[in-house]
There are 2 protein chains.
Amino acid sequence: MATIKDISLRCGVSVSTVSKALNGYQDISEATREMIIKTAHEAGYFPDANVRALKMKKTYNIGVLFSTLTKHGLRNEYFAHILASFKEKAAKRGYDITFIEHNIGNRKMTYLDHCRLRNFDGVFIACAEFTEPEVLELVNSDYPVVTIDHAFNEAISVLSDNVEGMRQLTQYIIDQGHRKIAYIHGTKSSVTHNRLVSFHNVLKENGITVPEEYFVEGIYRSAESSEELALRLLNLPDPPTCIIASDDYAALGVMNTARRMGLKIPEDISVAGYDGISVAQALEPKLTTIKQDTDKIGSEAAKQLINLIENPMSTSLDTIYLKVQLVKGASVRNLNKAD
Amino acid sequence: MATIKDISLRCGVSVSTVSKALNGYQDISEATREMIIKTAHEAGYFPDANVRALKMKKTYNIGVLFSTLTKHGLRNEYFAHILASFKEKAAKRGYDITFIEHNIGNRKMTYLDHCRLRNFDGVFIACAEFTEPEVLELVNSDYPVVTIDHAFNEAISVLSDNVEGMRQLTQYIIDQGHRKIAYIHGTKSSVTHNRLVSFHNVLKENGITVPEEYFVEGIYRSAESSEELALRLLNLPDPPTCIIASDDYAALGVMNTARRMGLKIPEDISVAGYDGISVAQALEPKLTTIKQDTDKIGSEAAKQLINLIENPMSTSLDTIYLKVQLVKGASVRNLNKAD
DNA sequence: CTGAAAGCGCTTACAG
DNA sequence: CTGAAAGCGCTTACAG
């Protein structure tokens with residue numbers, strides 16, 4: 001690799017002059033600047049950002065925490081899409097992104113250690129176990145932090161409006177004439193909690209009570225888990241007319257069970273999901289679901305984090321709720337129409 | 001952030017001693033070492049890898065090219081899974097990964113420029129337009145390079161055995177008694193070419209000829225595109241009994257069209273895909289497809305790249321073919337049985 | 001066993 | 001307009 005010194009020797013000027021010419025300082029003659037830029041280009045020279053960071057105290061590199069838990073991480077469409085849009089926005093603003101790892105090679109280290117190792121300007125916690133001590137350590141550190149799907153006091157949080165999403169979905173299903181609505185919700189988390197509360201509230205507002213057995217806990221993203229739970233629900237003496245699954249993958253499981261039992265969707269049983277993954281819209285019938293705006297979540301997270309990095313004093317640690325969109329699809333039957 | 005100097009002051013020793021103690025040199029007394037390690041730990045000190053790289057000529061950072069073309073990049077399950085497994089393997093071997101971008105902020109740069117900027121130890125081209133000059137520039141550079149799904153002379157390539165995969169799939173379909181087999185293949189690329197050739201060969205070996213109209217070019221990963229093409233195929237005077245789609249998403253499109261036409265799968269029309277994405281296995285009927293081993297592709301790519309980085313002289317620039325697996329599913333009807 | 005010194009590639013206040 | 005010098009945080013050959 002060519003260095004600044006190589007260029008200075010080739011041009012017969014000092015390294016200071018090369019540095020200044022390349023960085024657009026004004027006190028360099030036009031002729032010198034041109035020669036230096038030309039030479040640098042020919043030599044394929046590009047200043048080393050890591051070294052530069054040593055003086056500048058800024059790496060222009062963001063650490064992204066993306067732990068690969070079961071059914072999570074990059075293998076999950078929801079998170080992968082968020083990362084894609086985060087990455088694009090960050091690049092536009094001049095930042096690279098590097099994954100934060102737990103242990104790297106033989107060296108044991110915490111997430112925070114890894115951030116110190118790489119000297120990130122900020123941290124994006126995209127996907128993690130929020131109760132883990134290491135995650136908390138990171139959130140409570142000096143690093144600017146933005147999280148997804150979970151609100152902390154010490155960080156900016158970007159998340160879908162789950163209360164509103166669940167409200168829209170539930171109200172839509174009720175409006176279609178359903179009264180016996182079951183909910184296979186995900187494992188406990190603040191997201192799950194908010195959706196459950198919202199579901200409850202909408203039922204209450206509409207004067208609907210559903211039996212306890214209609215609430216069952218499944219596993220996010222697991223079609224197998226929801227297949228089994230759906231079987232139980234559909235075999236109840238008084239089965240629901242509609243099943244809301246924790247997410248679209250889980251909804252697929254519900255559909256499979258229904259079909260295996262000889263039930264048609266939505267004629268015999270209605271199904272709804274959550275997330276709005278692309279493949280659910282390629283299905284027949286199209287899945288009724290709530291689409292989370294992954295593009296917006298990712299780009300908003302990047303925007304907020306970079307603002308926090310560049311203007312810490314004028315960026316408040318808010319929780320930002322993003323709009324969701326009801327996708328009506330065709331998997332929920334309209335019971336009001338006689339057909 | 002604490003620096004090595006802070007630790008040396010706190011401990012009353014020189015920075016040299018701190019450095020050596022922390023790096024496990026043997027010529028440091030046990031007592032000194034312990035005190036230094038303890039102090040460093042208390043101060044939350046972690047050496048800056050970027051600075052260290054300045055002396056060591058090694059960043060332990062791998063650049064990953066993942067350009068977001070249509071239906072590609074992180075939003076594509078196939079590539080996202082490969083990246084996930086690459087990332088895990090790299091971390092195990094002690095390497096971080098950072099995305100290579102085209103332009104970063106306002107600065108225009110080539111992929112190669114970006115690599116120089118970050119001083120990567122090596123480059124993983126996971127997903128890119130292989131004919132782009134910038135990609136070629138990178139492949140022909142001094143950097144150790146590993147690619148996926150495309151073979152270069154100047155780099156290591158890791159890819160599924162497409163000839164073998166297409167052979168297994170086609171032969172299976174023929175064994176089920178099909179003779180009228182259509183193929184909606186993807187746009188031209190070496191991968192597409194190899195699959196097409198293999199399809200042809202297997203037909204020939206089995207003494208089967210299919211009409212020209214059975215070969216149509218679609219768009220990888222596009223359900224919309226294949227929906228339209230399937231409609232055309234199924235409306236032919238002599239329609240196929242089985243349609244092979246370029247990939248699983250495309251197969252979904254074929255299924256949708258068939259159902260819309262009132263055809264049952266596989267009773268009235270058989271469908272097969274390629275890739276083995278997770279959601280295709282949650283469908284009913286389960287899709288007949290070729291599963292590409294994304295975990296293996298990612299980890300093998302990481303392994304090869306790191307070997308090339310660490311032992312350039314004993315790692316040859318081979319093309320590595322990985323086994324694929326026929327997933328029989330239930331979307332291809334057995335025409336031999338009268339049922 | 002410990003430390004002073006040189007150096008990695010860059011930036012920038014300062015002197016000329 | 002140009003350059004010598006100091007310094008960013010670290011490593012390591014060398015001297016003691």
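Throughout, a chain's letter reflects where its sequence line sits, starting with A, and its residues are numbered from 1.
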Do the side chain of [X] and the main chain of [Y] share a donor and acceptor less than 3.5 angstrom apart?
X	Y	result
B:Ser67	B:Cys127	yes
A:Thr294	A:Ile82	no
B:Arg10	B:Ala40	no
B:Asn307	B:Gln304	no

Where is the tightest heavy-atom contact between A:Asp295 and A:Ser85, given as atom of each residue plus distance?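 Heavy-atom minimum between the residues: O-OG, 2.6 Å.
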Please list, in 5' to 3' order, the outermost nucleotides of DNA chain C lying under 4.0 Å from any heavy atom of chain A.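 The footprint of chain A covers C:dG9 to C:dA13.
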Looking at A:His102, A:Glu137, A:Glu101, A:Glu134, which one forms a side chain to side chain donor-acceptor pair (under 3.5 Å) with A:Tyr111?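 Per the side chain to side chain donor-acceptor pair (under 3.5 Å) rule, the option paired with A:Tyr111 is A:His102, out of A:His102, A:Glu137, A:Glu101, A:Glu134.
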Under a 3.5 Å threshold, yes or no: a donor from one side chain and an acceptor from the other, between A:Thr147 and A:Ser157?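 Checked: A:Thr147/A:Ser157 side chains pair up, N/O donor to acceptor below 3.5 Å.
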What nucleic acid atoms does [X] come within less than 4.0 Å of, heavy atoms only: base, sugar-phosphate, or nothing?
X	value
A:Ser19	base
A:Ser29	sugar-phosphate
A:Asn23	sugar-phosphate
B:Asp27	base

Assign each of B:Ile28 and B:Lys55 to its nearest nucleotide of DNA chain C by heavy atoms, then name whichever residue's nucleotide is nearer the 5' end.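 Nearer the 5' end of the strand: B:Ile28.
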Using heavy-atom distances to pick each residue's nearest nucleotide on DNA chain D, tell me which of B:Val51 and B:Lys20 is more 5'.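 Per heavy-atom nearest nucleotide, the more 5' residue is B:Val51.
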Using heavy-atom distances to pick each residue's nearest nucleotide on DNA chain D, tell me which of A:Val15 and A:Glu30 is more 5'.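 Residue closer to the 5' terminus by nearest nucleotide: A:Glu30.
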Name the stems that DNA chain D belongs to, where each is three or more consecutive Watson-Crick or G-U pairs with both distances under 3.5 Å?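 Stem list for DNA chain D: C:1-3 with D:14-16, C:5-12 with D:5-12, C:14-16 with D:1-3.
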More than 12 heavy atoms of other residues, nucleotides or ligands under 6.0 Å from OH of B:Tyr60: is that the case?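 Not buried by this count: 12 neighbours or fewer within 6.0 Å.
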